[in-house]
Amino acid sequence: MRELNLITSNPGKLREYRELLSERFHVNMKSLEYPEIQADTLEEVVCHALEGLQEYSPVIIDDSGLFIDALKGFPGVYSAYVMDTLGCDGILKLMEQENDRKANFRCVVGLLDEEIEIFTGDCPGEIVRSKRGTGGFGYDPIFVPSGYDHTFAEMSVQEKNLVSHRGRAMRALIKHISFTRI
Ligand code: ITT
């Protein structure tokens, strides 16, 4: 089976990649430190990070963020820092008086094979008023995708992949891969 290296320190992401890619690839998790620049967009972070990773090719990197309308897109590109500092509880507190609960989860996947390709997936939804569910990771307990009643943390990996930002980005990646040599 073909090998694909996923550079991440997040085992939750690995589970989601393996669930969708396992028929075609053996996905290896490499938790290396890579240069994560502070940039305005997830795409810039991904492109910059991939430049130093030729030796792991074919390799993918995933940078994701939660963009909350009422907070003007915060935490967005700062999602990792905000998760480590405020966490889900801090976001719920910031949103306490807000009636506009709309948010968008975005996942940008960068693939470095012979060249760099970028795949993006968006998942619109809402921030709930209190945490629900124990599955998933990160902001999953406070995010309900549009058209659903359950938070991502109340869904199985398969269910989450069907609707999530990462599932969408991964399906674009799979489509691309089917046309190329990897
Ligand atoms: P790596 O950079 O090592 O891959 P990370 O967890 O820092 O792992 P990101 O920078 O992409 O990943 O994620 C930013 C934050 O958003 C981080 O706190 C994640 O837990 C969270 N996050 C990313 N994808 C998510 C998802 O599908 N569901 C819930 N939270 C997510």
Side-chain angles (χ1 to χ4, degrees), residues 4-21 27-50 52-53 56 59-68 71 73-92 94-95 103-112 118-128 131-146 148 150-173:
L4 185 62
N5 293 316
L6 168 67
I7 312 286
T8 185
S9 56
N10 183 332
K13 281 188 187 175
L14 177 70
R15 268 197 302 278
E16 294 177 14
Y17 278 93
R18 284 202 169 144
E19 198 275 319
L20 269 190
L21 297 178
V27 184
N28 298 311
M29 173 173 172
K30 299 240 180 269
S31 46
L32 324 163
E33 286 297 313
Y34 62 87
E36 223 175 299
I37 50 160
Q38 197 56 67
D40 293 336
T41 65
L42 300 173
E43 286 81 356
E44 283 173 73
V45 177
V46 164
C47 286
H48 186 263
L50 278 178
L53 296 170
Y56 300 101
V59 57
I60 49 178
I61 277 202
D62 165 322
D63 202 32
S64 301
L66 177 63
F67 297 78
I68 301 177
L71 305 179
F74 185 82
V77 291
Y78 308 107
S79 294
Y81 177 75
V82 170
M83 177 50 61
D84 293 344
T85 50
L86 304 178
C88 288
D89 293 328
I91 292 288
L92 291 181
L94 284 177
M95 294 286 290
N104 184 53
F105 241 128
R106 170 165 290 182
C107 172
V108 175
V109 182
L111 165 72
L112 171 66
I118 300 289
F119 309 93
T120 301
D122 285 293
C123 180
E126 297 208 338
I127 304 298
V128 291
K131 289 189 283 187
R132 295 199 324 249
T134 52
F137 62 93
Y139 298 98
D140 282 346
I142 61 168
F143 185 83
V144 172
S146 298
Y148 290 78
H150 291 123
T151 66
F152 276 158
E154 294 174 307
M155 297 181 177
S156 66
V157 175
Q158 288 86 340
E159 286 168 331
K160 182 180 170 189
N161 272 347
L162 274 179
V163 281
S164 77
H165 46 311
R166 183 162 301 105
R168 288 181 178 154
M170 267 193 275
R171 281 190 290 277
L173 168 86

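As the structure lists them, so they are numbered: ligands from 1, and atoms in each ligand from 1.
Each of the following atoms of ligand 1 lies closer than 4.0 Å to a heavy atom of Ala80: 7 (O), 10 (O), 14 (C), 15 (C), 17 (C), 18 (O). Residue-ligand proximity, Thr8 to ligand 1, at heavy-atom distances under 4.0 Å covers atoms 1 (P), 3 (O), 4 (O), 8 (O). Near Met83, with a cut-off below 4.0 Å to any heavy atom, the atoms of ligand 1 are 18 (O). For ligand 1, the atoms lying closer than 4.0 Å to a non-hydrogen atom of Lys160 are 26 (C), 27 (O), 28 (N). Atoms of ligand 1 lying under 4.0 Å from any heavy atom of Asp63, numbered from 1 in the order shown and given with element: 9 (P), 10 (O), 11 (O). Each of the following atoms of ligand 1 lies closer than 4.0 Å to a heavy atom of Asp140: 26 (C), 28 (N), 29 (C). Which parts of ligand 1 touch Asn10 is read off a 4.0 Å heavy-atom cut-off, strictly below it: atoms 6 (O), 8 (O).
The shortest contact between atom 14 (C) of ligand 1 and any protein heavy atom is with Ser64 O, 3.4 Å. Protein heavy atom nearest atom 30 (N) of ligand 1, with residue, atom name and distance: Tyr139 N, 3.0 Å. Of the protein's non-hydrogen atoms, the one nearest atom 2 (O) of ligand 1 is Tyr34 OH, 3.6 Å.
For the 3.5 Å distance criterion, the side chains of Ser64 and Arg166 qualify, holding a donor opposite an acceptor. Side-chain N/O atoms of Tyr56 and Asn28 include no donor and acceptor closer than 3.5 Å.
Between the CE atom of Met170 and the CD atom of Glu19 there is a distance of 7.5 Å, given to the nearest 0.5 Å. For the atom pair Arg132 CZ and Ile142 CD1, the distance stands at 11.5 Å (nearest 0.5 Å). Remark: Leu4 CG to Arg18 CZ distance equals 11.0 Å, nearest 0.5 Å.
Under the ring-ring contact (aromatic ring centres under 6.0 Å, His included) test applied with Phe143, the options Phe152, Tyr148, Phe67 reduce to a single match, Phe152. When Lys13, Lys160, Arg15 are each tested for a salt bridge (Lys or Arg N to Asp or Glu O under 4.0 Å) with Asp140, only one passes: Lys160.
Within the set Tyr78, Phe137, Tyr81, Phe143, the minimum heavy-atom distance to atom 25 (C) of ligand 1 is found for Phe137. If you check each of Lys13, Arg166, Met29 against atom 5 (P) of ligand 1, the one with the closest non-hydrogen atom is Lys13.
Here's the thing with Glu16: none of its N/O atoms is less than 3.5 angstrom from an N/O atom of ligand 1.
Using cut-offs of 30° and 60° on the angle between ring planes, the pair Phe105 and His165 is parallel.
In this structure, Asp122 does not pair ionically with Arg168, as no charged nitrogen and carboxylate oxygen lie closer than 4.0 Å.
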